[in-house]
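Read the numbers this way: they start at 1 and go in the same order the structure lists the ligands and their atoms. Counting begins at 1 with the first residue of the sequence. As a basis for the values below, the full set of heavy atoms in this structure was taken, side chains included, without hydrogen atoms, waters or symmetry mates.
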Amino acid sequence: MNLSSPPFSVRTTCPYCGVGCGVSATPLPDGAIQIAGDNNHPANFGKLCVKGSALGETVSLDGRLLYPQVRGPEGLQQVSWDTALDKVADGWSRTIAEHGPDAVALYVSGQLLTEDYYIANKLMKGYVGSANIDTNSRLCMSSAVAGHKRAFGEDLVPGCYEDLDQADMVVLVGSNTAWCHPILFQRMAKAKEARPDLKLVVIDPRRTATCELADLHLPVKPGTDVWLFNGLLCYLALHGVVDETFVAQHTNGLFDALTAARVDCADPAAVAKICRIDERDLLAFYRSFAATTKVVTAFSQGVNQSSAGTDKVNSIINCHLVCGRIGQPGMGPFSLTGQPNAMGGREVGGLANMLAAHMDLDNPAHRETVQTFWDSPNIASKPGLKAVDLFRAIEDGKVKAVWIIATNPMVSMPDASQVQRALQKCPLVVVSDISQSTDTNAFAHILLPALGWGEKDGTVTNSERRISRQRAFVPAPGQARADWKALCQVAQRMGYDGFDFDSPQQIFDEHARLSTYRNEGVAARFFTLTGLEGLNAQQYDQLDPVQWPLGQARLFEDGRFAHADGRARFIATVPRAPVNAVSEDYPLVLNTGRVRDQWHTMTRTGKSARLADHVPESFVDIHPQDALLYGVRAGDLARVATPWGAMVARVQHGGGIARGAIFVPIHWNGQTASDARVGPLVNPVVDPVSGEPEFKHTPARVEQFRVNWHGFALSRRELDLERVAHWTRIQGKDFARYELAGRNTIKDHTAWARRLLQVDDEQADWLEYEDSSAGLYRAVHLVDERIDQCIFLSLRPDLPSRAWLASLFALEALPPADRVGLLLGQPIEKGADTGPTVCSCFGVGRNTICETIRSQKLVSVAQVTACLKAGGNCGSCVPEIKKLLVETRAELLT
Ligand SMILES: Nc1nc2c(c(=O)[nH]1)N[C@H]1C(S)=C(S)[C@@H](COP(=O)(O)OP(=O)(O)OC[C@H]3O[C@@H](n4cnc5c(=O)[nH]c(N)nc54)[C@H](O)[C@@H]3O)O[C@H]1N2
Ligand SMILES: Nc1nc2c(c(=O)[nH]1)N[C@H]1C(S)=C(S)[C@@H](COP(=O)(O)OP(=O)(O)OC[C@H]3O[C@@H](n4cnc5c(=O)[nH]c(N)nc54)[C@H](O)[C@@H]3O)O[C@H]1N2
Ligand code: SF4
Ligand SMILES: [Mo]
């Protein structure tokens with residue numbers, strides 16, 4: 001590929017969610033990257049959600065980690081790759097020699113490419129001889145993995161995306177699909193538009209954006225899903241909705257599962273009470289499920305991230321097995337994967353309790369197969385430490401060297417302060433990342449610069465077992481190197497052969513060959529890349545998206561499962577409440593999850609101005625009555641505390657939250673806000689089977705976060721935030737916005753504002769307005785007629801519109817009317833304030849949409865789109881536009 005002469009387009013895959021959309025990337029002569037959906041990719045057929053559409057804005061080199069660094073007395077120092085790799089290899093070899101192979105560990109990520117992942121797993125399990133490699137997939141899909149293995153005998157997702165188009169009913173359990181798998185949600189929306197009879201049921205304690213399309217929303221009490229699905233199993237059995245032939249020929253264990261379910265869940269009234277939902281709604285769901293053959297039950301983190309996560313998964317699968325609704329078009333349980341390569345990681349065996357190619361650590365024949373294929377000196381013989389235990393073992397001094405790759409555990413782990421203690425204590429912390437400053441990098445002894453999206457080359461597998469290529473379209477920046485390469489080079493320095501790879505194509509080939517090695521006969525494994533072995537460089541480079549096994553859209557079509565007897569297993573799931581219950585001191589359930597326009601710990605999406613506007617700050621969503629009870633007000637800051645930690649966030653209503661619960665997003669980190677990391681608050685309780693943490697259920701309390709003043713600043717330069725009690729940094733276009741709040745009493749506003757904005761020059765073009773009785777202060781700093789900085793302070797959080805002010809930063813010179821407006825704190829010209837962004841694709845604000853609905857008397861989303869384009873691209877904002885239509889129309893009627 002010739003990377004030197006743009007423009008050319010490269011087909012690649014989106015690096016965010018597990019939908020795995022195809023992207024066409026075109027580097028432009030000015031260095032920008034034009035992004036479009038790949039029309040030929042079967043996951044998205046040309047569509048992209050807003051995160052995918054904004055990819056071009058996140059690949060700039062600012063903030064990138066570009067060369068290896070080693071921490072010395074003076075802090076991090078640049079070193080050569082040779083020095084850094086020698087240090088890692090020496091450190092690991094020495095630790096293994098002194099303390100054994102279990103004293104080292106890899107903690108990796110579902111955002112690695114399959115080839116990187118394969119090498120990491122091979123190094124640990126085949127050469128170091130320990131299974132101490134775990135991954136952030138432990139926090140994500142491990143309950144689904146464990147559930148699949150229990151039910152099917154292997155970690156297998158039976159269905160495909162077409163099933164969502166073909167189903168007559170889709171049940172979404174613990175999945176905010178509209179925001180987290182937007183393109184699949186679009187697919188469902190389209191199917192529903194074509195066939196309005198298609199029923200959509202959402203099971204989620206919150207009334208999320210996903211519910212806007214739902215025929216039925218069951219706002220279950222957090223943690224009660226097993227009761228609900230056990231109840232469904234009982235209902236199906238009672239009403240004879242049992243595929244007797246399928247059950248008899250292809251399954252085991254129905255009797256035990258039913259016996260267990262009947263203990264607490266035979267009576268729908270009792271189930272409805274435990275789940276805290278209307279019995280009629282519950283029965284409506286049970287009836288529809290019973291009456292509809294083509295049902296897909298898609299689930300995500302409301303299911304997996306629970307101390308009963310694996311049982312939740314199996315309670316769902318049980319209901320599909322009992323009526324034989326699996327392996328056929330339009331039906332089946334469907335685990336929606338989170339990360340772009342959650343599935344690829346599972347294929348190579350990246351979890352601490354798995355071996356490669358869907359083989360098992362505790363199966364001696366499998367161990368022998370893998371070791372023989374690798375011709376390796378070792379093979380791990382017992383499971384390694386799962387993520388939460390791994391960081392505990394680091395703190396306990398049992399693990400003395402950890403290499404963290406493509407994940408940010410200081411933000412994403414539960415009880416993240418424990419992670420901090422562990423990393424502080426660990427003698428050797430190596431981190432491979434693409435960002436220079438992350439919360440985790442702050443504890444690294446050695447930093448290795450990795451290739452990021454658009455630079456790296458390899459494959460990923462999406463939720464429907466479809467392998468797609470991620471292709472490079474820009475050259476490697478600085479000294480960044482592929483993760484697989486760094487791993488191979490360390491392995492070679494440790495004296496291991498078996499890592500002599502020159503390209504991802506060679507690694508993929510080995511991975512494909514391992515999947516087919518001794519894979520025949522009665523004990524044949526379902527995971528196989530037959531047909532993909534032996535690809536040459538060109539074939540690999542041109543590989544079109546394909547599902548494994550090749551040509552098989554669905555698994556279990558013939559009713560054969562991966563257990564030795566070929567049968568699926570019903571699992572007796574005994575419902576149990578989340579481990580930590582609410583108490584007088586911590587009366588609320590803290591639920592955590594995602595917002596539409598940010599990705600995880602924000603190291604990438606945080607760089608895009610377009611993605612920043614939808615939800616600019618961290619928030620705590622709380623029911624208005626609970627807010628009243630705990631003395632917090634919408635728009636104010638609140639302190640959220642649990643027995644594990646505390647944080648500060650803006651209070652809001654409207655997230656569809658029930659009484660007794662709160663919701664906080666996972667994204668904000670130590671660089672984007674002073675104290676809005678939710679990780680330290682989350683209880684480190686895990687599911688006993690999968691080891692997946694209970695991220696959705698921590699007892700918490702909310703209290704006022706008292707401040708003396710509120711404010712915000714927009715600035716083209718960094719601020720001195722030292723003395724600000726709470727701040728959030730929000731990326732704008734050519735500037736940053738800072739939301740500020742302070743506990744100090746500001747006596748001299750001018751001096752204080754100048755210090756914060758770092759304006760030393762007495763001659764600076766500085767305009768200000770002060771109303772000391774009202775506690776108002778506004779100042780603007782101009783440079784060459786252009787707005788450079790502005791700051792607004794007030795005793796109350798009733799500050800002017802940021803959207804309008806942000807628009808002034810795009811002007812080359814500030815018109816006189818706007819100078820006046822700035823000090824007045826509002827635009828002189830009517831309509832200049834577009835309000836907070838609703839449609840990120842076209843940058844359409846709330847005020848603009850509401851104003852247009854009013855003036856044009858609009859009644860449908862299609863009309864809003866026709867007038868303003870809003871909602872016409874990725875469609876992620878359609879649920880919000882619908883809500884605005886309802887609200888604005890209601891206003892007009894009153
Ligand atoms: N915008 C965006 N999209 C993403 C990501 C992102 O960071 N940002 N990350 C990706 C990744 S890695 C993942 S894993 C997926 C996650 O995708 P989702 O699982 O859809 O997202 P979450 O917001 O974590 O949680 C889903 C829902 O579970 C609900 N829930 C909480 N407790 C319960 C319960 O007890 N029962 C039920 N039934 N529901 C409950 C929550 O209220 C929440 O609405 O998203 C992927 N897509
Ligand atoms: N409270 C709470 N916590 C959660 C969750 C929740 O719902 N609630 N969800 C959990 C889930 S499902 C997930 S998946 C995790 C995600 O949590 P993390 O994996 O910690 O989140 P990311 O921000 O995606 O971290 C990826 C890191 O890798 C870097 N990176 C990006 N590309 C590359 C690359 O190619 N190579 C290398 N070496 N580095 C790269 C990024 O800069 C970033 O620092 O969070 C989990 N944590
Ligand atoms: S739905 Fe959005 S984030 Fe997910 S793969 Fe597609 S474009 Fe990327
Ligand atoms: Mo995830």
Q: Answer yes or no for H181: is there a heavy-atom contact with ligand 3 below 4.0 Å?
A: no

Q) Which atoms of ligand 1 have any heavy atom of G593 under 4.0 Å away? A) 23 (O), 24 (O)

Q. Of all the atoms in ligand 1, which lie at a distance below 4.0 Å from a heavy atom belonging to Q339?
A. 12 (S)

Q. Hey, is V303 one of the residues with a heavy atom under 4.0 angstrom from ligand 1?
A. no

Q: Determine, using heavy atoms of L48 and all atoms of ligand 3, whether some pair is separated by less than 4.0 Å.
A: yes

Q: Decide, counting backbone as well as side-chain atoms, whether C21 has an N, O or S atom less than 2.8 Å from atom 8 (Fe) of ligand 3.
A: no

Q: Between V595, T601, D225, T337, flag the one that comes closest to atom 38 (N) of ligand 1 by a heavy atom.
A: D225

Q.
Heavy-atom distances under 4.0 Å decide this one: backbone, side chain, both or neither, for C180 against ligand 1?
A. both

Q | T58 side chain near W453 side chain, heavy-atom distance below 4.5 Å | A | no

Q | Ligand-side contact atoms (ligand 1) for residue partner C17, heavy atom cut-off under 4.0 Å | A | 46 (C), 47 (N)

(Q) Rounded to the nearest 0.5 Å, what separates atom CZ in R276 from atom CH2 in W227? (A) 12.0 Å

**Q.** Winner among I657, D204, V202 once heavy atoms are compared against atom 27 (C) of ligand 1
**A.** D204

(Q) For ligand 1 and T208, I'd like to know whether there is a polar contact (N/O to N/O, distance under 3.5 Å). (A) no

Q | Heavy-atom gap K221 to ligand 1 smaller than 4.0 Å | A | no

Q: Report the part of F695 in contact with ligand 1, treating N, CA, C, O as backbone and CB onward as side chain, heavy atoms under 4.0 Å; options are side chain, backbone, both, neither.
A: neither

**Q.** Nitrogen or oxygen of T177 less than 3.5 angstrom from that of ligand 1
**A.** no

Q) If you measure from each heavy atom of K312 to ligand 1, is any distance below 4.0 Å? A) yes

Q: Would you mind listing which atoms of ligand 1 come within a distance below 4.0 Å of any non-hydrogen atom of G223?
A: 34 (C), 35 (O)

Q: Report, in ascending order of atom number, the atoms of ligand 1 lying under 4.0 Å from any heavy atom of K51.
A: 1 (N), 2 (C), 3 (N)

